[in-house]
Each structure stands twice: as structure tokens, then as C-alpha cells.
Amino acid sequence: MRLSKLFFTTLRDDPADAEMPSHRLLLRAGYVRQLGSGIYSLLPLGFRVNRRVEQIVREEMDRIGCQEMEMPVVHPADVWRASGRYDAVGPEMGRFKDRAGRDMVLAMTHEEVVGLLLADIVRSYRQLPMMVYHFQTKWRDEPRARGGLIRVREFVMKDAYSIDRDEAGLDVSYWAQHGAYVRIFERLGLKTIAVSSDVGMMGGSQAHEFMVLNPAGEDVLVLCEACGYAANRQVAVVPRPDPPQEEPLPLEEIATPGTTTIASLAAFLGIGPERTAKAAFFMTGDGRLVSAIVRGDHEVNETKLFNAVKASGGMRPAQVEEIRAAGMEPGYGSPIGAHDTVVVIDELAARSANLVAGANREGFHNRNVNHGRDFQADIVADLTTAMEGDPCPTCGQPVILRNGIEVGNIFKLGTKYTDAFGATYLGEDGVAHQIVMGSYGIGIGRNVACIVEAHHDDKGIVWPAEVAPYAAHLVSIGAAREPQVAEIAERLHAFSIEAGREILWDDRDESPGVKFTDAELLGMPWILTVSPRSLAAGGVEVTERATGERSTRSIEAVEALIAGG
RNA sequence: CGGGGAGUAGCGUAGCCUGGUAACGCACGUGCUUUGGGAGCACGAGAUCGCGGGUUCGAAUCCCGCCUCCCCGACCA
């Protein structure tokens, strides 16, 4: 490709809106342009990288016998009503009416369509197991897009679906996908950690997220450097030491003016926060007020709470009036005497005796509150969030917390979607059985951004060879003075097209400085310089972008390098 | 949706407080010079100052409303 004809432009100044390196560099180097919040165009360079990434994903999916297909972006709403997600999902889903007034949705994912297809296509156990996948645009109207391509609203996802006879078969498919993911991210040049994760809106029994560590990551990971334990903080369960065994003492109301926080309460009474109980209040999407009780030295994990109460339609912090309506006082709240609320207590708080808890009266707390005697929770569950230094659940060593970006996930779905669409198969026993599904996603654009996050320097992008849009960046200098320069550049360019691995040729009439700077910004793995000087030295100067290492090679050697790129 | 910030030429900004001919750098066009690390000189093109309304003789600037974008939080590939 001749750079003079490439549909792009580089920017000398950083765009003001771009904060993350990947966003800044992809804009500056002319790979992408923004159309709206979380909506991007891929310019030819960006599109080529996307295709390279897709190709790696495709090869690894094909390798495990996953079959490529394509499902639509626009779905009739009834398909989503059948699974219950039309109502469960909320404003994140794009909805509109077609000209006949029919409700339609923009696909966020494709479990429903797969379920429907399975009901149509699968008859017999002889057809199973199978796996299918496609690359397709998703629209997710996220509350907030951020970080350039890291979190967008429209994006292409590779989503794969496994189709099995039973849980055992699902397990095999699941780990086959897991293995493919390990190879994919390895080839993409991404260091990932597979963490146990929440099943979220997908539903299901087991899930892993593949994470790259990044300070700007939106997930918090709980990691153990001693044994390799890794989990999303949303689901990490950390063992809590037994609280001291005490006889319950009589309940006693005490004045605690101005102590609306645990810190101020503990300081006022001269006790540790672990001797107190903390109440947090939430409203679920299905209209229930949830009162969550944890010990004062812990934080409520909203994912665990959400799952414990089997909420649907999301969950938000409750408002003051809502809390008062249930007979509780914000800042001094506790379930004692409360009504019209679902009380959930953390299992550790439940077995901790004689805690200080709110008296539901401004300026007062109760001493010696004991679960089971003074109030009865509706649900007892692990509700606490893992903190840095908590003991690892598998080996007991202190865990660390790190931010991560989710570049892929795998879910054991079970029969949720096949049930919804009546997708069954006839077993060897002649009886209909439920088909068991799994689902497996990789966001292509996010992976591109993560590759740049991991592979750049102060001069620009440094693409791993497997994903680079071109095998090399050819810089010709002094073509006007020395006809042989243009001749050799033409030859290498033509060769690369012939070899099926094109190079990018900067054929512009620009100063050498401009060309080198742009070459480094664009980030091809090799920079090839043809000039009177290089010819005098015996050929083409070859610079490795990643290391800056230079050497002069013959034309033939450079052709071999291109062909191998 | 809550909090914070910003919309002036393709990009980065100044001007706004204190109303009076829209400015600068880069990029872009033409010509000459230059040609291994973001070249020089000259000439030139490019902006209804986010949109709408108001105040005023006069609005980028003051007032009101709206839209959009970015960042921080609640959600996810």
C-alpha cells in the first residue's frame, strides 16, 4: 500500500479527549475516528488490524471444531420476550419499532437466536456435541462509554455457543474454549489471567473472565501470588476467622450523637469497627427494599447481595425516604423493628455476638445486638468484599488487588435458553432431553486497544507481527536523486503484494524526519529504509520497531523477511 | 442518572472576566530552496465561534434554554 494514497492522516498533537495510551495512539496514528460517544469508525489501518485479530480468533475457533456462521443484528422483540430478557435487561438494550409497528431490538448478544435455531435444527443425540460462532456487531447502550475503544457501545464480538447433551459434555466444550482462548491471547500478545467470575445477565453455573492487568481496568481482581488463585472481586470468597465466642448480653440503647459513619461511631465508643454492624440499603429493579448487614470492618459486595436476593432489573442505592418508609433511620439504621424490607446478613456478622448497631433513631445506637435474638434476617449469605491482604481462600496467604480489563469470557449457560425455546434432542433412550448450552465471547475492538496498551512506547505503537496491519513500513529517501531507490522500493512493494503479506510504502515527498516519525507512530514491526546511503552500505536498512536494532540486508533477505511477516 | 470539566479552522490552543475588525502553532495549497530524524522563505485557502432565544447601536464574550463530548461514580466483550 502506498502511504500517499492511504485513507488516513496522522496528528501531531494529542487529541484533547484521549487519555488512555491506546485511545491517543489509535487516533493520532490514524487507525480510528470517533463518531459519537462509544461509537467509532475503523479507518483502513484499524480495519486491517481488526481483521488480523479476527483471523487469529477464527483459526483457533475452527481448530476446536467451532463452526462459523452469522446471525442478524436486528431481532423481533418476541424472541427476547421468550427468554424473559426483554423485560429483564433494561435501557441497555436498543429498542425500536419497524414500519408495521412491531417491536424490534438491536442484538446485545445471541443466546436467544441460537436457542431458537437449536429448536429448529437439533433432533438427535447423534448431532451433538456442536459449537458455532460468529463475528457480529453488538449494540449495548452502556451508561457511560470510556477509554476510547476499551468500552464502547457498538462493537464487534466473536460470540461462540456450545451445544451439548449434558453437563459433562458442556464441561468438555467449556474447557476446549478455555484452551482456545489461551492460544488466542498468546498469539495476540496479551498476557491474560483467567479469573472466576459472576454469571451476570447471562445466567448459568460457571464462568471465567480473561483479564489483562491494566490500571485503567474496570474490574478489580483478587489475586494470590503464592498459589495463583484468581477471581473477580465480585465473586471472590475470602475466609473470615471465627469471631470471639461470647454470651449474648442484654440489648441496651445508648446515645451516640453525630456518629453516622462506622469510623465516627467506633471512635466515639472507643471500640474496633469489627464490634459494629453496618447497614446498607438498596432498591431492586423489581421494587424491593433490601437491607444488607455486614460487620463494620467490611464492605457490602453488591454483586453478592444482588445474587443473594435473586434481584432482577438491576439494583440501586435506596433513597432516604424509602429507608424511612420501612421504619429505619439512615445513619442509625438496623433491621430491628424494620418492616417491608428484605433483610440480608453477612454470614460473619450473623455469627458475631454483641455488636453495636443503629437504633433507628437519630443519634442513638444499640449495644449487644445479636442476630437471631434481636432480629431475624431473611437471608444469610456471604456479602463481604475482598480487601487487599485478606487471606487467600485456597492457601491462606494474603491476596492482592489489581485492576483488569476483560478481553474475553466463557460461560456455562446450562438450559436457560434451550428451555425458553423448547430446544430438545432425542437421546439413545428414545426420550427427549434438554440441550445444554455454553457461551463464549471476545470483543475484537477491545482486544485491539488492549494490544496497543501492552505494546507501545513514547514514539508510538509497536504491533506484534501477528496483528500488524502491514508486514513492514518501507521508507524511501532520496528517490529524486537516485533512481535506484525508487526502483528497489517499487520492487519490494510489488513483491509484498505478490507474497500476500503487504507492506506499507511511504512514497510521499516528505523529509526523512517526518517519515521516520510517522513510521514509528504507526508501529509496523519492521521499518525498511531504502536510500542512497543504504544502497552504498549494501542494500536496505532494516530496523526492528520493538528494539530499535538496525542492520543492513540484501534485497533478497528483505523479501524473505516480508514473506515471513 | 449523580458529581466535575469542555465545545472557537483538520488537530492543539488564545481571546470570554472587562461586549467593538476572530488570533497563534501545527497540518493544508502554490512556487523556489532543502533532503537520514517532525526543514526554510514567500504567497494563499480554510471558522455562520455547538444550537436556539434574549439583552444591546453592536455578542465568541453578558443572560436563559437545549444539544454534544470528556473525566469520576452506579453497569459489561
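The figures that follow rest on heavy atoms only: side chains count, while hydrogens, waters and symmetry mates do not. Letters A, B, ... are given to chains in the order of the sequence lines, protein chains preceding strands, and every chain is numbered from 1. Just so it is clear, the model here is predicted, and its values are computed rather than measured.
- When the P atom is used for both B:C41 and B:U55, the distance is 50 Å, rounded to whole Å.
- Panel note: side chain A:H23, backbone A:M20; no donor-acceptor pair is recorded below 3.5 Å.
- One atom, CG of A:L528, and another, P of B:G36, lie 18 Å apart when rounded to the nearest Å.
- Taking the centre and axis of the six-membered ring of A:F282, the NZ or CZ atom of A:R288 falls outside the cone set by 45° and 6.0 Å.
- An aromatic stacking contact between A:F516 and the base of B:G38 is absent, as defined here by ring centres under 5.5 Å apart and ring planes under 30° from parallel.
- No side-chain N or O of A:E541 forms a donor-acceptor pair with one of A:T552 less than 3.5 Å apart.
- In terms of phosphate contacts, A:R151 brings no side-chain nitrogen or oxygen within less than 4.0 Å of OP1 or OP2 of B:A77.
- Rounded to whole Å, atom P of B:U68 lies 15 Å from atom CG of A:D17.
- Here A:G443 lies in heavy-atom contact (under 4.0 Å) with a base.
- Among the heavy atoms of the strands lying under 4.0 Å from A:D518 is at least one base atom, whether or not backbone atoms are also near.
- Heavy atoms of other residues, nucleotides or ligands lying less than 6.0 angstrom from CD of A:E186 number 12 at most.
- The residue A:R550 sits close to a base: some heavy atom pair falls under 4.0 Å.
- Separating the P atom of B:A60 from that of B:C17 is a span of 12 Å, rounded to the nearest Å.
- Put simply, A:R508 has no side-chain N or O that comes within less than 4.0 Å of OP1 or OP2 on B:G38.
- For B:A14, there is no paired base (Watson-Crick or G-U wobble, both distances below 3.5 Å).
- Distance OG/A:S531 to CZ/A:R481: 8.0 Å, rounded to 0.5 Å.
- A donor-acceptor distance shorter than 3.5 angstrom exists from the side chain of A:K304 to the backbone of A:A236, with no hydrogens or angles considered.
- Remark: B:A42 base-pairs with B:U30. Criterion, Watson-Crick or G-U wobble with two distances under 3.5 Å.
- Phosphate contact (OP1/OP2 of B:G37, side-chain N/O of A:T517, threshold under 4.0 Å): absent.
- Both A:A18 and A:R533 lie close to RNA chain B; mapped to their nearest nucleotides by heavy-atom distance, the more 5′-ward contact belongs to A:R533.
- Across all strands shown, A:G30 has no heavy atoms under 4.0 Å from either base or sugar-phosphate atoms.
- In this model, no donor atom of one side chain and acceptor atom of the other lie less than 3.5 Å apart for A:K278 and A:H298.
- The CZ atom of A:F282 sits 16 Å away from the C1' atom of B:C1 (whole-angstrom rounding).
- Contact annotation: side chain of A:R28 to base of B:G10, donor-acceptor pair absent below 3.5 Å.
- Closest to the side chain of A:T529, from the set B:A74, B:G36, B:A77, is B:G36.
- Residue-level contact check: A:G408 touches the backbone only, with heavy atoms under 4.0 Å from sugar-phosphate atoms and none from bases.
- Remark: B:U61 base-pairs with no nucleotide in the shown strands. Criterion, Watson-Crick or G-U wobble with two distances under 3.5 Å.
- At whole-Å resolution of the value, CZ in A:F306 and P in B:C75 are 9 Å apart.
- Between A:M20 atom CE and B:C71 atom P the separation is 10 Å, expressed in whole Å.
- Under the Watson-Crick and G-U wobble criteria, each requiring two contacts below 3.5 Å, nucleotide B:G37 is left unpaired.
- An OP1 or OP2 oxygen of B:C70 is reached within less than 4.0 angstrom by a side-chain nitrogen or oxygen of A:Q34.
- No contact: A:G90 has no heavy atom under 4.0 Å from any strand.
- Side chain to side chain, A:S162 and A:Y174 fail the donor-acceptor criterion of an N or O pair below 3.5 Å.
- Contacts with RNA chain B (heavy atom under 4.0 Å) in residues 6-15 of chain A: A:L11, A:R12, A:D13, A:D14, A:P15, listed by number.
- Here A:V152 lies in heavy-atom contact (under 4.0 Å) with a base.
- Within 6.0 Å of CZ in A:F8 there are more than 12 heavy atoms belonging to other residues, nucleotides or ligands.
- Atom CD1 in A:I451 sits about 14 Å away from atom C1' in B:A77, given to the nearest Å.
- Between the P atom of B:C72 and the CD1 atom of A:I150 lies a distance of 12 Å, rounded to the nearest Å.
- Of the nucleotides present, none pairs with B:U56 by Watson-Crick or G-U wobble criteria with both distances under 3.5 Å.
- Using a 4.0 Å heavy-atom cutoff across all strands shown, A:A145 reaches sugar-phosphate atoms only and no base atom.
- With hydrogens and angles ignored, no donor-acceptor pair closer than 3.5 Å exists between the side chain of A:E510 and the base of B:G38.
- Checking B:A22 for Watson-Crick or G-U wobble geometry (two distances, each under 3.5 Å) identifies no partner in any strand.
- Base engagement by A:R446 is indicated by at least one non-hydrogen atom pair under 4.0 Å involving a base atom.
- If you check B:G12, B:G36, B:C76 against the side chain of A:E142, the one that comes closest is B:C76.
- Contact between the side-chain N/O atoms of A:S511 and the OP1/OP2 oxygens of B:G37 is not found at any separation under 4.0 Å.
- For A:H208 and A:F411, the ring centers sit 6.0 Å or farther from each other.
- Here B:A6 sits opposite B:U68 as a Watson-Crick or G-U wobble pair (both hydrogen-bonding atom distances under 3.5 Å).
- For A:R553 and A:W526, the positive end sits near the middle of the six-membered ring, less than 6.0 Å away and at most 45° from its axis.
- Put simply, CH2 on A:W139 is 17 Å from P on B:C76, counting in whole angstrom units.
- Taking atom P in both B:U61 and B:C16, the straight-line distance is 12 Å, to the nearest Å.
- Taking a pair to require two hydrogen-bonding distances under 3.5 Å in either a Watson-Crick or a G-U wobble arrangement, B:C1 pairs with B:G73.
- Base engagement by A:E520 is indicated by at least one non-hydrogen atom pair under 4.0 Å involving a base atom.
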